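In what follows, a single structure is set out as structure tokens and then discussed.
Reckoned from all heavy atoms, side chains included, excluding hydrogens, waters and symmetry mates. So you know, we letter chains A, B, ... as the sequences are listed, proteins then strands, and number each from 1. Keep in mind that this is a model prediction, so the values were computed, not measured.
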There are 2 protein chains.
Amino acid sequence: MATLKDVAKRAGVSVSTASYSINNSSLISEKTKEKVRKVANEIGYRPNGLAKNLKEQKTNIIGLFLSGFTGPSLNDMVEGVQTEVMKNNYELVVCASVDSHRLLVESYVDGAIILNYHIEDQLLTSIVNEKTPFVVLDRKLDNPFIKNVLIPNEEGSRMIVDYLVSKEHSRIGYIAGANYSFDGEQRLNGFRKSLDETGLQFNEADLIRADFTEYSGYLGMKNYLQIASGKIPTAFVCGNDEMAIGAIHALQENHFRVPEDVAVIGFDDITLSRYVSPSLTTIKVPRKQWGIIAAQTLFQMLDKKYDFDPMPLPIELESRESG
Amino acid sequence: MATLKDVAKRAGVSVSTASYSINNSSLISEKTKEKVRKVANEIGYRPNGLAKNLKEQKTNIIGLFLSGFTGPSLNDMVEGVQTEVMKNNYELVVCASVDSHRLLVESYVDGAIILNYHIEDQLLTSIVNEKTPFVVLDRKLDNPFIKNVLIPNEEGSRMIVDYLVSKEHSRIGYIAGANYSFDGEQRLNGFRKSLDETGLQFNEADLIRADFTEYSGYLGMKNYLQIASGKIPTAFVCGNDEMAIGAIHALQENHFRVPEDVAVIGFDDITLSRYVSPSLTTIKVPRKQWGIIAAQTLFQMLDKKYDFDPMPLPIELESRESG
DNA sequence: CCCTAAAATTGTAACGTTTCAATTTTACTT
DNA sequence: AAGTAAAATTGAAACGTTACAATTTTAGGG
């Protein structure tokens, strides 16, 4: 690869002049700049970002760290982040890291947005600093240089419970995902709390554990129906839409009508939700907005503004056929 | 940030000893290494990746460059790439770049996989080199250090045409996406060719142009039906599943039964396809496999093996209700 | 034609690593 | 106790930039 030194030599100027020219500094005469640029083009010079960033102690890169790339509602959030990052003339790199988290740890990014349960709190707090703030999407962390941008999960659960109670349901079951999910547990907690507040009893036997996939929801419900002797709840709230869809499938297989016999409510409002039959009543989470707010929060911090709370994410209950 | 120099000073050794110790070189005595590691831990030393990579002239990073993050079938491909990259102990960064393509151009990656129509052929061939090979997923490029891993689009179209012809269809329409899409145009070309080969005539008036979104498919078909006087084809082939779903919607609104009156075939087999009603007959493209093959191809090249052709991607026709 | 100020150019150090070559220390052997 | 080979440690250069400070060139005024 051609370096600045090569350009300088070929153009008959010093390395500093070459550097200034490439960066269009007003220190250099137009004539010289022109000459340097021409040579640079000729030999296909490309600046080395590593060297530049090392020198400048700044990469102009934002990292978005995920646990993985699967998940139907992920893209919108990422797109939101991307939009905002571009607007600020930074680059976005999206990484799914499971152990080393190298790019996060080795000064590759000027800031990071975290949605990755593989990354431990302790690691985050140990590497964050004034110059490299973080925004976390999947946990609550109390640190001067870390801000949380969270989905109002408990509020969502409360909306669902209120909705079901208004429809005269009194025994409500719950299908939860894997318990390492912050959102999942918040949704479950919110559900429990709201039920409590309305004076209803939650029967722990009506809690099905699955893992957020459609199939796990299907299996969980199928299994539940097998061991449930006698009556079952008239409604099930689910930790996400996929499990709700799976559960409906299992219910229908066992000749329960949805929503007439059992109402099923999801969470997230993924694209599929309006296509399945019956279409899914769920909580609509504006994922793109989530990404936008996360990025805006990060840029505020990069701008040394720390004294604010991120905008809350507006959610709403999308009432469809399933309940 | 603490640097190696800080560690060295505090441990009372030279910078080189500190470096060797951190990297667990056998040159250094266990005792010293232990001491250095302890100090490094104490002051929270983290190596600076930029400096390291600059020195080593190697980042151990693979870049996946996309046009954007939206699109339902994207994640599986990305996941495939990620799997393979991890297996090889590299890091993957996924970027959606629209103009500067900074990370691609400024020596940030040791190799790249390209699925981004914003990046021009000319740029790719001008920056590729023996040390930084590319795999392109959205074009055909003839360059010693670039390999193409393409979806067998023409083959897919041929499978569809054969299938429809075997079902006695003789007038077949086509809904194409935006013409900047390599895959899209290949599919259309393949369709034309296959039709030709079977001796059927393609009526150019039966070509609808849309832009790959469901809504555009809906609008395109709606519009077509409005201006089509008299008979319409008994089958429509679509450049992707989304448009097919939109088109079906428009057909049904106009009281055409699918597939009885008009068969509609998609391409891609996105998740939705099996959920819509009627469920969609389509070409199943193994997206994860695509990503895996792309990455494997890249690593072959990084391993200085250039004399091979990437494995072809197996596709199959998934026959469902829509045709 | 000389002086001076402004404009243009350049040498050099620095960013934080790695690694070669050189030096120092250690541990045997005789 | 001296000599030596092996082991351990270190100094310095290099990776490709940027930007300060220093130097050289240019141009204008007397």
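The CD atom of B:Glu30 sits 11 Å away from the P atom of D:dT9 (whole-angstrom rounding). In this entry the distance linking CG of A:Leu27 with P of D:dT26 reads 17 Å, nearest Å. Taking atom NZ of B:Lys35 as the reference point, atom C1' of D:dT9 lies 11 Å away to the nearest angstrom. Remark: P of D:dT17 and CG of A:Asn60 are 17 Å apart, rounded to the nearest angstrom. Look at NZ on B:Lys5: it is 16 Å from P on D:dT10, rounded to the nearest Å. Summarising the geometry, the separation between NZ on B:Lys55 and P on D:dA12 is reported as 16 Å, rounded to the nearest angstrom. Rounded to whole angstrom, the span from the CD1 atom of B:Ile28 across to the P atom of D:dA6 amounts to 19 Å.
Between the CG atom of B:Asn148 and the NZ atom of B:Lys140 there is a distance of 7.5 Å, given to the nearest 0.5 Å. A distance of 14.0 Å separates CD of A:Gln296 from NZ of A:Lys147, quoted to the nearest 0.5 Å.
If one axis is set at each end of the helix from C:dC1-D:dG30 to C:dT30-D:dA1 from five pairs, those axes are 60° apart, to 10°.
Mapping heavy-atom proximity under 4.0 Å, the span of DNA chain C touched by chain A runs 5' to 3' from C:dA8 to C:dG16.
A salt bridge links A:Arg139 and A:Asp121; the closest N-O separation between the charged side-chain nitrogens and carboxylate oxygens is under 4.0 Å.
Taking the ring-ring contact (aromatic ring centres under 6.0 Å, His included) definition, one finds that A:Tyr20 meets it with nothing, sequence neighbours left out. Scored by the side chain to side chain contact (heavy atoms under 4.5 Å, CB included) test, B:Asn143 finds B:Thr125, B:Val128, B:Phe145, B:Ile146 as partners (sequence neighbours excluded).
Sorted by first and then second residue, the pairs that involve residues 28-39 of chain A and meet salt bridge (Lys or Arg N to Asp or Glu O under 4.0 Å), not counting sequence neighbours, are A:Glu30-A:Lys33, A:Glu30-A:Arg37, A:Glu34-A:Arg37, A:Lys38-A:Glu42.
With hydrogens and angles left out, the side-chain atoms of B:Arg187 and B:Ser181 include no donor and acceptor closer than 3.5 Å. In this model, a donor atom of one side chain and an acceptor atom of the other lie less than 3.5 Å apart for B:Asn116 and B:Ser97. Looking only at atom types and distance, the side chain of A:Thr213 has a donor-acceptor partner in the side chain of A:Asp211 under 3.5 Å away.
Checking the phosphate oxygens (OP1, OP2) of D:dT18, no side-chain nitrogen or oxygen of A:Gln57 falls inside 4.0 Å.
Scanning both residues, B:Val78 and B:Leu92, for their nearest heavy atoms gives O-CD2, 4.5 Å.
Position along DNA chain C of the nearest nucleotide to A:Ser29 versus B:Ala51 favours A:Ser29 as the more 5'-ward residue.
Within the 4.0 angstrom heavy-atom criterion, no nucleotide atom of any strand lies near A:Ser107.
Using modelled atom types, no side-chain atom of B:Thr32 and backbone atom of B:Ile28 make a donor-acceptor pair closer than 3.5 Å.
Of the residues in residues 10-26 of chain B, those placing a heavy atom less than 4.0 Å from an atom of DNA chain D are B:Val13, B:Ser14, B:Ser16, B:Thr17, B:Tyr20, in numerical order.
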